[in-house]
Each structure stands twice: as structure tokens, then as C-alpha cells.
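These notes concern the structure reproduced below.
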Protein chains: 4
Amino acid sequence: MTEASTSAASGRRASRGRIDKRQAILEAAFTVFAREGYANACVKVIAAEAGVAKPTVYNHLSDKANLFRHAIEAASDTAMAQNLAVVGRLATPGDDLRAALEDVGDRLLLCYSSDESWALRRLIYAESARFPDLLDVVRGGGPTNRVTEALADRLARLALDGRLRLSDPAQAAEQYIALLTGPMEERSRFGTEQVPADEQRRLVRAAVHTFLQAFGTGAADSAGSANAQGIVKGS
Amino acid sequence: MTEASTSAASGRRASRGRIDKRQAILEAAFTVFAREGYANACVKVIAAEAGVAKPTVYNHLSDKANLFRHAIEAASDTAMAQNLAVVGRLATPGDDLRAALEDVGDRLLLCYSSDESWALRRLIYAESARFPDLLDVVRGGGPTNRVTEALADRLARLALDGRLRLSDPAQAAEQYIALLTGPMEERSRFGTEQVPADEQRRLVRAAVHTFLQAFGTGAADSAGSANAQGIVKGS
Amino acid sequence: MTEASTSAASGRRASRGRIDKRQAILEAAFTVFAREGYANACVKVIAAEAGVAKPTVYNHLSDKANLFRHAIEAASDTAMAQNLAVVGRLATPGDDLRAALEDVGDRLLLCYSSDESWALRRLIYAESARFPDLLDVVRGGGPTNRVTEALADRLARLALDGRLRLSDPAQAAEQYIALLTGPMEERSRFGTEQVPADEQRRLVRAAVHTFLQAFGTGAADSAGSANAQGIVKGS
Amino acid sequence: MTEASTSAASGRRASRGRIDKRQAILEAAFTVFAREGYANACVKVIAAEAGVAKPTVYNHLSDKANLFRHAIEAASDTAMAQNLAVVGRLATPGDDLRAALEDVGDRLLLCYSSDESWALRRLIYAESARFPDLLDVVRGGGPTNRVTEALADRLARLALDGRLRLSDPAQAAEQYIALLTGPMEERSRFGTEQVPADEQRRLVRAAVHTFLQAFGTGAADSAGSANAQGIVKGS
DNA sequence: GATGAATGAGGGTTCATTCAT
DNA sequence: TATGAATGAACCCTCATTCAT
């Protein structure tokens, strides 16, 4: 075997492995940062978790701070994609708008409740003061959160279609998200404990109920969820 | 001045000094933890900020972890008291319920937007996994947040008075808080930047608007704020 | 009650308590030093063990080093007195010299094997380099060990009486002690473990046997212990 | 010089360097521990003495306690080897058994009196309570001291050859060692001061004299040393 | 490119000792 | 005299980072 072929092969393998290795490092980094927090996490442990030597981490990602940023970015991208996919479902809401909003709410909360998602938020919350650029990462690069934006788009469309009554889709989207996720923080003890599925569903129904009270047209409600506040009509 | 009075005075000064010193340490600790995060903060700096020697910190608060807990608790108590005072204003809502809710909203957001408040939330968020008991501290010791609870009490009273329409006051309170604070997180970049006062007010009005759409009776609205969504009737 | 009588009473009580307190401190010090070693022991713990405040320790004994010296001295004096008492028994050896030597050997080993005795030796051994004056303390103040000296006196008397055959009583005394205690060190793992009583007795008999082989006259042996080496005569 | 030889050389130098460094650390550690005692010794000083940075010490030996154990072990191994070599000389005792025993005694005492040897014993004595496993190290790993054992072997052989009269070689060995080393402890002030060579020799002769009185056959003594007690026959 | 080894800097914690009461 | 409180000095250990291979 010639030296050239060797180096080519190993080069390809290497560059293939290079990407894999970088990926492994980033994943390990997120795992460890999530578990230990930024300052407490140590590069040695990350390297071990990734199955590489410590200097390799530095070769790929120069810095602990850089490593952190990229790990957060990767995790954030994954979460963002999931969220956007969920919001995308509102493009075809079907006849029952309430059901659609509840379906999206359920799914969003599922994403929101995952360990990774909580870890991500914890890290960003914790380090936002020391890593100001992290916010742009989590928002998807824009000045406003891309998920809220996408949701606002959908809501605007629904308003145009006469199925919602609202003038500021961005604000409505924000409130939808707030109603959905706000009550989750303490109930899950900031992601430390699991919120029972039925409690989550009740939360979603209540959120959508309030949302539709504020922004609905009163037309397309499904009867079953009409009363998340538990008010028995006629009583 | 007699010797007795002297020693009494200096005795008082001494014991005052002890308490003052502990207070100073806790305040310095919160300041530093807020600025640096738990793991990054170093006791030496805290001691310097408090104007005492490092061992004094350990004499008073045994541990870095303990120091953290107590600093958080102190800050949390302060914040809690402020919040409860604000919520207490709903005991005498006046004729204009919307105005009262907006007033409370404004004031809550004022508390919520303070640097200390953000720092507190950031720290709790960040360390909740490593300090599980922190949550009980911030909730005021009970199983549910005392602020939400107090608010729920007020809302229940208003419902009894026929000025709100709701069956689950705790849930309504949660949603009120969520509508109020949820949109603040990203707008303030997690407390990193100041949200302009008028934007805050708009947020409050929008939150109260949605809240009243969901839980109001339609009776006692003030005309001026009727339209937080910005829909100008008749235009 | 007059002020004078009060102060007199408390004065007497105080000076009484003063001595008690000093005693308590020294005992506590020895206990702690024995348990932790000199460098590891901390004055705070000693004070606690003595039931006094830390500065009181310093009032009484100025220094950690001084405290150590005095604690060692006190313990050493106790041990020395016990040893001397035991050696004194050789003044009236009775008819059976072997029995007398074995009796003294047993008793010396009992002293030697006590926890305090081991602790004392460990401390002196450990710190002899850093506290050179400790040696004089343990020897009882003289240039040679007072116990060995006293023993030498007894042996000399026995030699004069024709019951031993030796010209250098000090050397014989040293060898007696060496034969007695030397084998104990490793068997007891330096005082860490208890040596069974029967093993100790065997040791003593063997030591006395060897001693009498070297220095005995062959006259006054008791038949029973004649054979510590286990040689069955006639076989 | 070719590149290959260079890298080979430097490679060897490197790995040699690693071992050398570990060796240097262990030696420095023993030196410092010997001088300061375990608790008083500080790793920083050890590192300096070894010519490495502090973390290097931790890289090689994880712990202060571990460092101590290994340093003791290394020193102990050295001492053990020397002792065993000396005892080995008894395999070929020559005609004059007394001379052989005195020769071995002299040499054993030489080992025993070295600074390292004293330091070793002091450290083991001092720390045996806090490092119980140290005893196994110093004994050479077995349940009984390997030196005593080896000596017992030799004595047993001599007994078989009819040159000694003893039934318990282990006990005889113990006593030989005790007679030899026991009187050294205080004379050297626990290794703090040098015992004059002639005094050592006298000690050895006395020890061997007593030993042979107890276990000798009376046959092969050299006339010159017959009288370590200084009894001039006929006077 | 990947790694074992080394290091400067720094952090939490403890301790002997001293004031002020 | 006895003590609660305070402190300067160290010490063990860890970590991010860099060489040399």
C-alpha cells in the first residue's frame, strides 16, 4: 500500500471521524454542562464522556467558552427544529381549531418538558449574563424568537381566515406560549420533577381555553373542551 | 456616662455588629453570586465585598453552599414581601377592576424587572438541579408559590363578589402571572436589558385584556384600556 | 452576702477551678493528640473536649507546642510512676527469682500495652525530631531512662546478693526491657491491635528465660517456667 | 544522528523522564515527610524538592495519603533489601559463629541507624494508627516481618547443624533483633543523635553474648568476645 | 490530528492565634 | 479570668490550558 493511498484513506477516515468526533464532543459537552452547569463542568470530564483526549477538545473547539457556545447552539438547533415542526402543524388546523391548538399545545409542552429542553433553558438562564450572545443562538439568530414568530405567522393566517380575532399576532403568540409554559416552571420544579401527563393536558386545555376566550370567534369550538375552567354552563 | 451604660452600649453595639456583619455577608454574597453565578463566585470576593475576612464568612455560614442558600433565602424573602404587598392591593380594587389589575400588573412587573429579582430567578433556575431545596425557599416554604396563592385568594374574592367569572382561582392566578411575566423573559434578554417602561405597560395592558376576556364579566371595564390588542373600534 | 465574701468564695472556687481546668485541658490535650497526632490535632477540639473556650487554653498554656509538651509530660509522669512502682516490686523478689522477674515482666507489659502508653510512645517517636526536649521528659528528666535505672538498681542488688551474675546492671536492665518490649511492637501492630494475654505471657516467659540464661546463676529457678523455649528435657 | 535515533533517544528519554519524575517525587516526598512528619509536610514543598509543579505530584500520585504510602513503601523496600542482604550473610557463618552473629549485628545496626531508617520508623510509628496498612508495607507484605523470618530461617538452619540450641527460631530471631535494636532507641534519642561507633559495637557484642548464652552450644565461641558483660575471668 | 504529561493560577476550607468584652 | 468573634496564613486539591511527541 502506498503512502498516498494510506494517507488518503486515513484522511477520509480521519475527516469522517473528524466530524463524528466533533459531534461526539459537542454532545458530551452538552450532557456534562447540563448536568454540572457551565462553571462546574470540567473539560476533562467532557473529553472522557466524548471518548477523546483533552487536547482534542481544544483542537476542535479552542476554548471552554467556545465549546459551551457550540454545544448550546447544537442543542438549541435541535430543540428549535422540533418546536418549529410542531408549530408547523397549525398550517392545517382542520375544522376544530380548539383541538388543533390543544394538539399543538400538547406537543409543544412535550418538547418543553424534555430533559434536554430544561437543561438548555437552565443553562441559558444561568449564563445569559456572562454569555450575552447565547440569546441570539436560542432565538434562532433573529431579533425575536423564531418559534414565536412562526406561531405568530400561523395565528395571523388564522386571523385572516376569520378563525381568530386578533390584531397583533406576535403578541397573541407570546401569550399563547406564556399561558402554556408559564405554569409549568414551578409545577415541574424547574424541570427537576416530572409533571403528570394528565396535569399537563389540563394545563394545555386551560391555556387554550383562555387563549380562545381572548382571541377566538366563538365559532369553531369543540364542545368537549369548551370549559377548561370547569364552569358548568347553566349552573 | 457611667461605666455600666458604656458597657451596655458597647454590648449592644457588639451584638448589633454581629448581626450587621451577618447581614453584610449575606448581602455581599447575593451580590457576588448574582454577578458571577454560584460556581464562579468565590468566597474571598464575597468576604471582601462584605468587608470581613474569609474565615468570618465561614464562622457565620459554615459553607459556600450554606452561604448560597441563606443569601438566596434572604433575597427571596425580600422579593416575596414586595410581591405580596403588591398583590395585597387587590383587596381594595375600587370600581374599575381593569385599572386595579393593571395597577397590580405594573407594580408586579416593576418588582419582577428589578436586577435583584432577575438575579434571583437566574440563580434559582441555574442551581435548582443542584440545590433542590431552593425551590421551597423561593416559594415561601409552602407547596405552592405564596404569591400565586395570595393572588388566587384575591381573585376568588372577586369571583365571589361577582366581578370575575372563574371556578379555579389558582389556575387563573397562574395564568395572570404567566401572561404578565412570560413575555418579559426574552424581551429583557433574561433580565440583561431594560425593557422600556411603555413597552412594559403595553404588555401589562395586553395581559390584563386577555385575562379579562377570559375571566371578566364585561361589566366594570374602563373604556380606555378596553383594547389592548390595539383594535380601534370603529376604525 | 457581702461583695467581699462573694469574691472570696468565687476566688477560692476560681483558683480551685483553675487547677481543675488546667488538668482538664491537659487531659483533653493528651486524648486529642493521641488520637490525631500533634500536627493534626486542633486546639479547638481540645478546648471542646476540655469543656472550655479556646482562649482559655491559650491563657493556661500559651502555645500549641507548650500544650503538647505539658500534656506529654503529664501523661509521661503517670506512666513513669506506674512503671517505677512495678520495678519496685523487685526489691522483695522472694525465693523464686524467675517468678519475680516474670511477675514484673507481666506487669510492665501491662503498662506498656495500655492505650495511653502506646499513644505516648507514638507521639514521642513521631515528634522527637521536632521536640527534642521531649526525650528528657519521657526519661524522667535524667540523662538515662529512670525506669531502666531503677531496674538496674534492683538487678545490681540481686547481683550483690549472688542471685544474678552480671557486671553491667544498666546493660542488663536494658536487655531485660528490650527482650520484653521489643517483640511487642509488631505483634501489636504498634499498639493498634491487642495482643492476646496468653501470647503476652509466653513472651514474658521467653524473655525471662533468655535473661536468666544470660544472667542467672542456675540456682533459684522455678521448675515450671524452666523451659520457655519449649525444649522438652530428655527428648 | 538520524531522526529515528533522535526520536528513539528522546522517546526513551521521555519515558525515562516519566519514571525518573515519579522516582524524584517519591524521594522528595520521603525526604520531606521524614523532615516534617506527615501532617506537617506540604505537597508544595515536596513538589519543589522534586523539581516539578504541584499538579504533577497529583498526576502521579493522586493524593497526599497515597503519596505518603508510596513514599514509605519505596523507602521500606530499600531498607528491607539491605536488611535481607545482611541477614543473608548468616548462610555462610564460617567457623566462628559468634563472629558471624556480631558481624551481622554490626551491619544490621548500621542499617538501623541510618537517617532514612530512623525516619522510616518514626513515620510508621507516628502514622500507624491513621495508616493501618502501612504495617503490611513495612513488614514486606507478609503477616510477620520478612527480616525476622529470614533471620529465623538462618537460625533454624544453624540449630539443625547443631550450632545453636533452640526450638522456636522465630522467637529467637525476635529476641536477637530486640537485643540488638532495643537499647538503641533511647541512646540515639530516637535517631536524633548519632551513637558512637564503639558504643554500637559494645551493644552488639553484649546482645550477641546474651543471645549465645541463651541459645549457644558453648562450642564455637571465639575467645575474644566471650565476655561482653565485661566480666574478666579470674579477676 | 491526537495524545500523555506538565503547569500556573486559584478556590474552598481549616487553624493557630489574638482582640475586645 | 473566660470567652465570642475575627483574622492572616496555609494547605490540599482542581482546572483550563499548553507542550512535546
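Values below: every heavy atom of this structure, side chains too, minus hydrogens, waters and symmetry copies. A note on names: the letters A, B, ... follow the listed sequences, proteins ahead of strands, and every chain is numbered from 1.
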For this session: Check step by step if side-chain contact (heavy atoms from CB on, under 4.5 Å) holds for D:Ile72 and D:Val138.
Result: CA-CA 8 Å; D:Ile72 292 290; D:Val138 73; 5.9 Å; no
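- Atom-to-atom, NZ of D:Lys44 to P of E:dT7 comes out at 15 Å; the value is rounded to the nearest Å.
- At least one donor-acceptor pair under 3.5 Å links the side chain of B:Arg130 to the backbone N or O of A:Glu36.
- The shortest non-hydrogen separation linking A:Ala28 to A:Glu49 is CB-CG, 3.6 Å.
- Looking only at distances, no side-chain donor or acceptor of D:Lys21 sits under 3.5 Å from a matching main-chain atom of D:Ala50.
- Paired runs in DNA chain E that reach 3 or more consecutive Watson-Crick or G-U pairs, where each pair keeps both distances under 3.5 Å, cover E:2-21 with F:2-21.
- Atom CZ in B:Arg22 sits about 16 Å away from atom C1' in F:dA6, given to the nearest Å.
- Rounded to an integer number of Å, the gap from NZ of D:Lys21 to C1' of E:dA6 is 7 Å.
- Contacts of residues 54-68 of chain B with DNA chain E (heavy atom under 4.0 Å): B:Lys54, B:Pro55, B:Tyr58, B:Asp63, B:Lys64.
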Problem set entry | Chi angles and distances behind the ring pair (Phe, Tyr, Trp, His ring centres under 6.0 Å) call for D:Tyr125, D:Phe190 | CA-CA 11 Å; D:Tyr125 229 107; D:Phe190 297 96; 8.0 Å; no
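- For the segment residues 23-42 of chain A, the set of residues with a heavy atom within less than 4.0 Å of an atom of DNA chain F comprises A:Ala41, A:Cys42, in numerical order.
- Side chain of C:Arg69 to main chain of C:Leu134: no donor-acceptor pair is present (N/O by atom type, distance under 3.5 Å, no hydrogens or angles).
- Ranked by how close their nearest DNA chain F nucleotide is to the 5' end, B:Ala53 and C:Val52 are led by C:Val52.
- Side chains of B:Phe30 and B:Leu120 form a contact here, defined as non-hydrogen atoms less than 4.5 Å apart.
- By the 6.0 Å and 45° rule, D:Lys64 stacks over the aromatic ring of D:Tyr38.
- Residue B:Ile25 comes nearest to B:Val57 through the heavy atom pair CD1-CA, 4.1 Å, listed as atom of the first residue, atom of the second, then distance.
- One finds the CZ atom of B:Phe131 at 12.5 Å from the OG1 atom of A:Thr192 (value rounded to the nearest 0.5 Å).
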